[in-house]
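As structure tokens, the structure follows; a few thoughts come after it.
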Amino acid sequence: MQCSSMAPFTYPNMASPQILLIYITFLCIFGNFVSSQFTNFSTLVLPSGVTGPESAAFTRLPVTGPFTTVTDGRIMRWRGPRIGFVDFAFTSPTRTKRRCDGTTDPNMGPTCGRPMALSFHPATNLLYIADAYRGLLVVGPLGGLATQLAGGFKFLSGVDVDLLTGNVYFSDVSLTYTIRDVTQPGFRPDSTGRFMRYNPRTKQVSVLLSGLNGGGGPAVSSDGTFVLVPELTGNRISKYWLAGPKANTAEPLLNVTNPNKIKRASGYGEFWAAVSDGFMPPSPLITPQGVRFDSNGLVLQTISFAKEFVNKTISLVQEQDGKLYVGSRFTNFIGVYSN
Ligand SMILES: *[C@@H]1O[C@H](CO)[C@@H](O)[C@H](O)[C@H]1NC(C)=O
Ligand SMILES: *[C@@H]1O[C@H](CO)[C@@H](O)[C@H](O)[C@H]1NC(C)=O
């Protein structure tokens with residue numbers, strides 16, 4: 001919390017200025033204590049041989065999860081430390097457990113599916129899925145084979161539902177390369193990524209921005225007035241206005257190196273970006289970080305995950321119940337940072 005922002009407020013119903021001062025002091029100390037720690041580290045480990053938990057989502061009321069996407073094409077659900085992760089959903093009708101479970105072969109992606117990002121719509125209990133090959137999909141609370149809503153994309157990477165309207169915002173990385181190409185020698189990113197909207201009532205897809213430098217995961221503000229759009233290889237985050245005088249236009253908000261998914265933080269109007277400093281152009285050492293910032297682009301906090309995610313890119317920093325869940329394509333666990 002920002003303590004300085006409390007000063008101009010007046011509380012006419014409170015009798016004593018001393019009590020008010022104590023109250024504010026308490027809030028400041030407590031708020032800063034809560035927001036500046038995350039020093040305890042633990043892991044939610046995937047089943048043996050399974051890797052790449054790039055994303056996470058939780059249901060609300062009651063909170064369950066995390067749900068996560070893995071390299072072998074499944075969406076898995078955490079059922080607690082005794083049971084671990086279990087199957088929840090999958091995106092490809094050609095996926096079989098025998099051929100796909102545990103595979104890390106990039107060439108199996110089109111067959112097994114390659115889900116990259118998740119977003120629950122609490123009002124309908126639907127889980128929206130961005131799959132690199134299979135496009136935008138949705139699955140109900142019982143899981144199983146997801147239904148494709150929009151296909152024909154080269155490399156989808158992010159999705160977020162507007163909680164107020166139910167519109168689904170999503171992004172692709174490129175019109176020319178797929179996720180398989182990224183690990184090829186001499187790979188060069190391009191500037192053909194897009195930011196799009198799926199309207200569940202009309203079932204129409206609209207391209208809102210094109211010519212973006214790499215994908216990542218967009219995040220809708222909790223008041224529904226804008227969406228934040230990261231450019232993984234463009235080293236910036238832009239604000240796309242949905243309402244107000246600048247509606248349907250974008251403006252740069254924040255320069256940050258290699259931002260991947262953005263998620264709403266617990267603080268109102270705040271967000272977390274998963275940052276992999278040194279990913280592209282390739283540097284000798286990647287520094288994975290969580291960056292918390294507000295809707296004006298002011299950076300409030302930066303946390304390094306370099307000790308637990310040594311030299312690895314991360315794709316997700318998600319805050320839930322006072323903990324940070326950190327996902328990476330290159331681990332067999334979701335990292336959990338708590339106070
Ligand atoms: C971001 O970087 C660009 C290009 O280097 C620069 O023009 C711009 O002022 C920067 N924006 C912010 C918000 O720092
Ligand atoms: C980090 O990873 C890159 C790519 O795999 C490798 O070339 C580099 O040597 C690693 N750096 C360190 C310090 O381990």
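One-based numbering, in listed order, for ligands and for the atoms of each. Keep in mind it's a predicted model, so treat the numbers as computed, not measured.
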N/O to N/O under 3.5 Å, ligand 1 against protein:
from: ligand 1; atom 1: 2 (O); to: Asn255; atom 2: OD1; distance (Å): 3.4
from: ligand 1; atom 1: 2 (O); to: Asn255; atom 2: ND2; distance (Å): 2.3
from: ligand 1; atom 1: 11 (N); to: Asn255; atom 2: ND2; distance (Å): 3.0
from: ligand 1; atom 1: 14 (O); to: Asn255; atom 2: ND2; distance (Å): 3.3

If we only count N/O pairs under 3.5 Å, is Pro284 in contact with ligand 2? yes
Charged N to carboxylate O below 4.0 Å: is that the case for Asp101 and Arg74? yes
When Phe67 is tested against each of Tyr325, Phe120, Trp78, Phe85 for ring-ring contact (aromatic ring centres under 6.0 Å, His included), which residue passes? Phe120
Salt bridge check: are Lys97 and Asp87 linked by an N-O gap of less than 4.0 Å? yes
Enumerate the atoms of ligand 2 whose separation from the nearest heavy atom of Asn311 is less than 4.0 angstrom. 1 (C), 2 (O), 3 (C), 8 (C), 10 (C), 11 (N), 12 (C), 14 (O)
Just checking, is any N or O donor in the side chain of Asn235 or Thr257 under 3.5 Å from an acceptor N or O on the other one? no
Applying the side chain to side chain contact (heavy atoms under 4.5 Å, CB included) criterion to Pro115, which one of Thr71, Val159, Thr91, Thr68 satisfies it? Thr91
Result for ring-ring contact (aromatic ring centres under 6.0 Å, His included) between Phe170 and one of Phe195, Tyr198, Phe153 points to Phe153
Tyr128 ring center near Tyr169 ring center (under 6.0 Å): no
Of all the atoms in ligand 2, which lie at a distance below 4.0 Å from a heavy atom belonging to Leu285? 13 (C)
